[in-house]
Trainee: 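This is the structure, below, for whatever I ask next.
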There are 2 protein chains.
Amino acid sequence: MTRSEENYLKTIFHLGGGDSKSITTNAIAEQMETKPSSVTDMAKKLSEKGLVDYVRYQGVSLTEVGVKTALSIIRKHRLWEVFLVKKLDFTWDEVHEVAEQLEHIKSEKLIDKLDELLDFPKYDPHGDPIPTKDGKFQERDEKLLSEIPINSQGVCVGVKDSSVPFLKFLDKNKIALGNTIKVLDKEDFDNSLRIQMEGKEMRISHQIAANLYVKKND
Amino acid sequence: MTRSEENYLKTIFHLGGGDSKSITTNAIAEQMETKPSSVTDMAKKLSEKGLVDYVRYQGVSLTEVGVKTALSIIRKHRLWEVFLVKKLDFTWDEVHEVAEQLEHIKSEKLIDKLDELLDFPKYDPHGDPIPTKDGKFQERDEKLLSEIPINSQGVCVGVKDSSVPFLKFLDKNKIALGNTIKVLDKEDFDNSLRIQMEGKEMRISHQIAANLYVKKND
DNA sequence: ATCTATTTTTAGCTTTGTCTAAATTTAATT
DNA sequence: AATTAAATTTAGACAAAGCTAAAAATAGAT
């Protein structure tokens with residue numbers, strides 16, 4: 001497993017190729033900021049190795065082994081993210097880049113012991129679930145804040161967009177995972193929301209609400 | 001800085017190329033288990049980049065920048081080794097391989113914070129000094145156990161050979177860093193030593209004694 | 001000082017992962 | 001059903017890092 005192969009598997013998984021859905025070379029190329037022709041080359045290679053099913057001109061999807069491999073990389077990525085935040089005081093907008101490197105370190109013992117050190121966390125700093133050693137996901141019934149009705153409330157449990165600018169915006173506005181948010185009102189005109197959070201009232205745009213996951217509790 | 005370039009710098013440093021001593025391509029090739037011709041190629045490349053001084057047929061030595069770079073990699077390697085032992089319960093014979101991977105992770109913040117988490121350790125699990133952030137070494141006046149006179153004693157502070165078999169041998173014989181060792185007698189015939197360690201008497205071969213560093217205290 | 005034996009370099013080839021440009025296939029539209 | 005636009009693949013090239021085999025330089029021995 002080269003680093004590059006691992007990155008392809010991870011990307012294909014994130015684009016939905018784990019559910020035997022075909023992902024186009026174009027989509028993969030765009031996501032990875034590379035060229036479709038390079039993706040084609042790698043598709044053949046991964047197909048040879050039995051990690052993806054590849055049909056010319058149709059795209060790729062992960063095989064069972066491919067899914068398992070992708071999950072193990074995602075597991076490593078997210079565990080390292082937790083480590084960086086919990087043990088080394090990184091902020092949630094700083095962890096991704098470093099975890100992209102750390103996820104490729106090869107040592108089963110390392111990752112098992114890291115998991116133990118962190119007390120077997122279930123979610124990473126962005127609220128994304130950490131697959132277990134045997135590749136299981138803990139699903140959670142979460143909804144986008146933009147999709148829950150007026151007067152209902154929930155706990156903020158994750159972000160959909162985990163780009164640095166969005167995360168910094170959330171920090172600046174004191175929106176953090178764990179906060180309870182209540183939808184007071186929605187504005188028809190621009191779909192913005194009036195919310196109550198930790199005692200304070202504020203207005204957020206639809207774009208923000210559409211990137212925050214909440215777990216409803218009423 | 002590619003991974004490969006970093007490995008070359010580290011090797012050259014370990015072979016003494018930091019003291020403007022010329023290291024032959026052959027020596028480097030042997031150490032790295034590669035071919036002399038490959039070393040020549042890399043020597044040119046590193047020379048281009050100003051990291052080594054290279055004279056055809058004479059060998060390479062590190063420039064000032066080269067030394068600084070090598071030390072920063074060695075610093076990372078040794079800090080990760082401490083992390084693995086102190087935080088993840090690795091044994092001292094397991095850490096090298098994983099640290100070889102971790103040393104190439106690029107993030108200044110990561111290594112600074114790791115240093116802090118570990119409480120700014122001065123030595124790695126094998127007793128090798130950890131360079132400071134600004135590339136200083138803490139020297140220690142240590143001697144090989146094989147070189148101290150009869151009836152003197154010292155604390156075991158490091159190993160010269162840190163191969164897995166040697167480290168496992170030491171574990172098996174309860175020889176650990178921190179132990180106080182007294183030389184009771186030397187055998188002329190095979191240069192083996194009779195020593196007293198932590199109350200017990202034992203005999204060790206010259207080869208063992210020549211790979212243990214002690215700090216004399218009488 | 002010359003001649004070997006050894007060391008080191010050069011030249012040319014291989015693999016991995018990428019790219020560009022051209023060719024091909026698919027899909028959409030009339 | 002034919003044509004065109006878009007997506008995808010192929011072919012050929014390149015850089016990095018390595019290798020082998022041949023050539024060149026050095027060092028040691030006479």
Side-chain angles (χ1 to χ4, degrees), chain A residues 1-17 20-62 66 69-70 73 100-101 103-106, chain B residues 1-17 20-62 66 69-70 73 100-101 103-106:
Chain A
M1 261 284 125
T2 67
R3 182 159 308 225
S4 185
E5 287 170 351
E6 292 188 347
N7 284 332
Y8 273 95
L9 290 182
K10 202 179 44 153
T11 301
I12 296 165
F13 183 90
H14 282 133
L15 291 173
S20 62
K21 189 175 93 184
S22 245
I23 311 297
T24 66
T25 49
N26 243 8
I28 297 167
E30 192 169 336
Q31 181 74 23
M32 296 184 74
E33 299 188 323
T34 179
K35 302 292 165 181
S37 57
S38 307
V39 179
T40 300
D41 289 344
M42 185 56 85
K44 286 177 187 165
K45 191 176 168 195
L46 292 174
S47 173
E48 285 288 309
K49 294 197 172 191
L51 293 161
V52 305
D53 292 318
Y54 169 55
V55 183
R56 264 159 79 247
Y57 294 102
Q58 297 306 126
V60 297
S61 61
L62 297 174
T69 310
I73 301 158
E100 287 281 298
Q101 300 179 61
E103 74 189 4
H104 299 293
I105 303 291
K106 279 159 189 63
Chain B
M1 262 285 125
T2 67
R3 180 160 308 226
S4 185
E5 286 169 352
E6 292 188 346
N7 285 332
Y8 274 96
L9 291 182
K10 204 180 39 151
T11 301
I12 295 166
F13 183 90
H14 281 134
L15 290 173
S20 60
K21 189 175 92 185
S22 245
I23 311 296
T24 66
T25 48
N26 243 7
I28 298 167
E30 191 169 335
Q31 181 75 21
M32 297 183 76
E33 299 190 324
T34 179
K35 302 291 165 181
S37 56
S38 307
V39 178
T40 300
D41 289 344
M42 185 56 85
K44 288 177 186 165
K45 191 176 168 195
L46 293 174
S47 173
E48 285 287 310
K49 294 199 173 187
L51 294 161
V52 304
D53 292 317
Y54 168 55
V55 183
R56 266 158 78 249
Y57 294 102
Q58 297 306 128
V60 297
S61 61
L62 296 174
T69 310
I73 301 158
E100 286 281 298
Q101 300 179 60
E103 73 189 5
H104 299 293
I105 302 292
K106 278 158 189 64

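Heavy-atom basis, side chains included; hydrogens, waters and symmetry copies ignored. These numbers were taken from a predicted model, which means no experiment stands behind them. Naming: A, B, ... by sequence-line order, numbering from 1 per chain.
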Trainee: A side-chain contact here means heavy atoms from C-beta on lying under 4.5 Å apart; do B:L51 and B:M1 qualify?
Mentor: yes
Trainee: Only one of A:T2, A:V60, A:V39 forms a side chain to side chain contact (heavy atoms under 4.5 Å, CB included) with A:Y8, so which one is it?
Mentor: A:V39
Trainee: Can you tell me the distance, in whole Å, between the CZ atom of A:R3 and the C1' atom of D:dA16?
Mentor: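 For the pair A:R3 CZ and D:dA16 C1', the rounded distance is 15 Å.
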Trainee: Identify, residue by residue, the members of residues 33-41 of chain B with a heavy atom below 4.0 Å from DNA chain C, and return them in order of residue number, or none.
Mentor: B:P36, B:S37, B:T40
Trainee: Please report the distance, rounded to the nearest Å, between CG in B:N7 and P in D:dG18.
Mentor: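 In whole Å, D:dG18 P and B:N7 CG are 9 Å from each other.
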Trainee: Which ones in residues 23-32 of chain B lie close to DNA chain D, meaning a heavy atom under 4.0 Å from one of its atoms?
Mentor: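 Under 4.0 Å from DNA chain D: no residue of residues 23-32 of chain B.
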Trainee: Can you name the nearest heavy-atom pair linking A:T25 to A:P36, along with the distance?
Mentor: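 Closest pair (atom of A:T25, atom of A:P36, distance): CB-O, 4.3 Å.
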Trainee: What salt bridge (charged side-chain N to carboxylate O under 4.0 Å, His left out) pairs are there with at least one residue in residues 1-16 of chain A, not counting sequence neighbours?
Mentor: A:E5-A:K45, A:E5-A:K49, A:E6-A:K106, A:K10-A:E100, A:K10-A:E103
Trainee: Identify the two heavy atoms, one from A:K21 and one from A:G16, that lie closest to each other, and give their separation to 0.1 Å.
Mentor: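 Smallest interatomic distance, heavy atoms only, reads CB-O, 3.7 Å.
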Trainee: Got a second to check how far B:N7's CG is from B:T34's OG1, nearest 0.5 Å?
Mentor: 11.0 Å
Trainee: Check side-chain contact (heavy atoms from CB on, under 4.5 Å) between B:K35 and all other residues, then give those that pass, not counting sequence neighbours.
Mentor: B:S37, B:S38
Trainee: Are B:L62 and B:I23 packed together at the side-chain level, in the sense that at least one heavy-atom pair is separated by less than 4.5 angstrom?
Mentor: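 Answer no - side chains too far apart.
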Trainee: Just jot down the side-chain hydrogen bond (donor to acceptor under 3.5 Å, both in side chains) partners of B:D53, sequence neighbours excluded, or say none.
Mentor: none
Trainee: Shortest non-hydrogen contact from A:Q31 to A:L15?
Mentor: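 For A:Q31 versus A:L15, the nearest heavy atoms are OE1-CD2, 3.9 Å.
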Trainee: Any residue in residues 46-60 of chain B with a heavy atom nearer than 4.0 angstrom to DNA chain C? Just list them by number, or reply none.
Mentor: B:Y54, B:R56, B:Y57
Trainee: Can you tell me if B:K44 touches the phosphate of C:dT9, counting only side-chain N or O atoms and a distance under 4.0 Å to OP1 or OP2?
Mentor: no
